[in-house]
*Asks:* 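Below is a structure I'd like to ask you about.
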Amino acid sequence: MNNQNKPVEQQEYDLIVVGSGAGGLSTAVVARKRGLKVIVLEKADVFGGTTAFSGGVLWIPGNPVSARSGIKHSAEEAERYLRNEAGSFYNDAAVQEFLSNGPRMVEFFERETSVKFLPTLYPDYHPTVPGGVDIGRSILAAPFDIRGLGKDMARLRPPLETITFIGMMFNSSNADLKHFFQATKSLKSAMYVAKRLALHIKELALYRRGINVTSGNALAARLAKSALDLDIPILTSTRVTRLLQDNGRISGVVALGADGELRLTAKQGVVLACGGFPQDQERVKQAFTHVRNGGKHFSPAPKENTGDGSRMAEAVGGKLDIRYPSAAAWMPVSLVPRKDGSHGVFPHLLDRYKPGMIGVTRHGKRFCNESESYHDVGAAMVKACEGDKETAMWLICDQPTIDKYGLGYAKPAPLPKGDLIKNGYLVKGATLGELAQKAGIDAKGLEATVREFNEGAAQGEDRQFGRGTTSFNRYLADPEHKPNPCVAPVAKGPFYALKVVMGDLGTFDGLRTTVQGQVVADGNHPIPGLFAVGNDRASIMGGNYPGAGITLGPIMTFGYVTGNYIADQASQKTGSKQQNKQAQKEAA
């Protein structure tokens, strides 16, 4: 069935889901599988939410995908790890629900839907912390041919433009990317890249977009395919403006669609899955210290994620607490100039790990291990730039390094970099002093930092921050570079600098809920008929980022939990009604 935006004949449903990312769609699919009539309303003109921009990785301890590869870890180890990671914000009830239902969620979606997963080699981000592991907890959405969506493939949110190459996506795995970095040095890699490029060019000619999608785009497509196959309408360009109440219970929504205002009712309630508040400038200023202090923030999250869910919940008594030490999953980003004067946002997911690159503040000083996770580096940026006008760092490298690995949006050789120098994205200097002067960095500070770094780097050592000493540091580095895949001198000019500022992958702070996803008011009283999933619900990670997929793993798990909980409640109501009818018959 084609569920494109057509008039809604049915005005009453069992469940209304607001938002079409992984949280909303997983909840909708589970509830529909349990027999409920469900509709999904999406503000944007495309479905997939932030999920479609993501890496498509889920952190699920004890998952059956890794188990099939012979990798098994105990729930007790994962619990220990999360206790250490979440600290004082550890929520035992929510963590137990996550650990027990995560593997069941994966099993359910692989058995019952079009969603399929692959194992990864990702270590936990802090593998040396008690309970951390070097492999096995992160899984990846399998690639997907979006022609399976039929006409609805035009409504799938495209991947983030800045992390594609002529629209082609890369797998979120080191193995895939390794071929692109080695294309000029390995015949095998050159053939791999040539094959992928040829296939992608063919897809562009036939469909004007890549159809073999990977990462989060594949996960969003697979979830949407599963929903559409179950005849769940997904109405795009439909903005929910307020919640309806009936005797204190949330009973439906008012929305604006292509044909005007819609009033839809829901017997079991409404699920908010609006993607958190990364584009809500008022809330961002309240929650992000670097913005409160006058700095700027550039989120690559969809522009539609403006905190609609939290505002609607607050209007009926819900509470959003700004309490975590980090209110969002920090992501260092650079701003890519476009010809029309606007800019794209490029998330720095890979370059920081490569040997021959360092990050410095405007004072020319290093401030962290650049090969830690994006969140950890972002948190270190915020701390290092306290008191400065802006929260920013500059990635510094030399000519051999940029030629081999690229830098941000700039691709490795032989692709040209001249336009990116002309438009100011890259800064180039014959010497470190010239580079510093052009970039606005303290020249003496930068020269001293590089001199000190190079002394250890010549032996493969980072004597200041220990770069390359963990399995995670090394995972996204260059395994061919010896003795340390993360460390090499910055020595052979000309030199390059790229300004990196603060962004995020989604918010951590969110609505207060029960473990099952019921939005609660003051006194922790659930608001009848109102639920929150995805980034509208507060993260169970306590403002920390323990591993690849710690956003999507809990999001889909709690979508599964919430969908089942709502279906269970509906069954109990039906059972009670049937018992009452039977009792009335017997009494008569």
*Asks:* If the threshold is 4.0 Å, N to carboxylate O, is there a salt bridge linking R34 and D568?
*Replies:*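 Yes, charged N to carboxylate O under 4.0 Å.
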*Asks:* Considering the options N63, I550, L552, which one meets the side chain to side chain contact (heavy atoms under 4.5 Å, CB included) requirement together with L58?
*Replies:*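 Looking at N63, I550, L552, the match for L58 under the side chain to side chain contact (heavy atoms under 4.5 Å, CB included) is L552.
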*Asks:* Are Y545 and Y374 near enough that their ring centres are under 6.0 Å apart?
*Replies:*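 Yes - the distance between ring centres of Y545 and Y374 falls below the 6.0 Å cut-off.
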*Asks:* For R249, is there an ion pair with D246 - N to carboxylate O distance below 4.0 angstrom?
*Replies:*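 No, no charged N to carboxylate O under 4.0 Å.
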*Asks:* Check this for me: does any side-chain nitrogen of one of D14 and K37 sit under 4.0 Å from a carboxylate oxygen of the other?
*Replies:*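 No salt bridge links D14 with K37.
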*Asks:* I'd like to check the side chain to side chain donor-acceptor pair (under 3.5 Å) partners of D509; sequence neighbours left out, ordered by chain and number.
*Replies:*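 Partners of D509 under the side chain to side chain donor-acceptor pair (under 3.5 Å) test: none.
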*Asks:* Is the shortest distance from a Lys or Arg side-chain nitrogen in D340 or R338 to a carboxylate oxygen in the other one below 4.0 Å?
*Replies:*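 Between R338 and D340 there is no salt bridge, as every charged N stays at least 4.0 Å from the carboxylate O atoms.
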*Asks:* Ring-plane angle category for H297 and H290, please: parallel below 30°, perpendicular beyond 60°, tilted otherwise.
*Replies:*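 Rings of H297 and H290: tilted, 30 to 60°.
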*Asks:* Got a salt bridge between E282 and R311, using NZ or NE/NH1/NH2 to carboxylate O under 4.0 Å?
*Replies:*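 No salt bridge links E282 with R311.
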*Asks:* Under the side-chain contact (heavy atoms from CB on, under 4.5 Å) test, which residues partner S226, sequence neighbours left out?
*Replies:*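 Result, side-chain contact (heavy atoms from CB on, under 4.5 Å) vs S226: V29, T113, S114, V115.
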*Asks:* Can you say whether the rings of F89 and Y324 are parallel (under 30°), tilted (30 to 60°) or perpendicular (over 60°)?
*Replies:*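 Perpendicular, since the angle between the ring planes exceeds 60°.
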*Asks:* If you look only at distance, which donor and acceptor atoms sit under 3.5 Å apart when one is on a side chain in residues 268-279 and the other is two or more places apart or in another chain?
*Replies:*
from : atom 1 : to   : atom 2 : distance (Å)
Q268 : OE1    : K573 : NZ     : 3.3
Q279 : NE2    : S299 : O      : 3.2
Q279 : NE2    : A301 : O      : 2.9

*Asks:* Mind listing the side-chain donor-acceptor pairs of residues 326-334 below 3.5 Å, one per line with the distance, residues two or more places apart or on another chain?
*Replies:*
from : atom 1 : to   : atom 2 : distance (Å)
S326 : OG     : W330 : NE1    : 3.1
S334 : OG     : H348 : NE2    : 2.8
S334 : OG     : Y425 : OH     : 2.7

*Asks:* Suppose we screen for ring pair (Phe, Tyr, Trp, His ring centres under 6.0 Å). Which residues come up paired with Y565, at least two apart in sequence or across chains?
*Replies:*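 Applying ring pair (Phe, Tyr, Trp, His ring centres under 6.0 Å) to Y565 gives none.
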*Asks:* Ignoring hydrogens and geometry beyond distance, is a side-chain donor-acceptor pair present between T50 and N535 at under 3.5 Å?
*Replies:*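 No - no donor-acceptor pair under 3.5 Å links their side chains.
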*Asks:* Please determine if K285 forms a cation-pi arrangement with F288, meaning its NZ or CZ atom is less than 6.0 Å from the six-membered ring centre and no more than 45° off the ring axis.
*Replies:*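 Judged by the rule, K285 and F288 form no cation-pi pair.
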*Asks:* Among all residues two or more places apart in sequence or in another chain, which pass the ring pair (Phe, Tyr, Trp, His ring centres under 6.0 Å) test with F508?
*Replies:*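 With sequence neighbours excluded, F508 shows a ring pair (Phe, Tyr, Trp, His ring centres under 6.0 Å) to H375, given in chain and number order.
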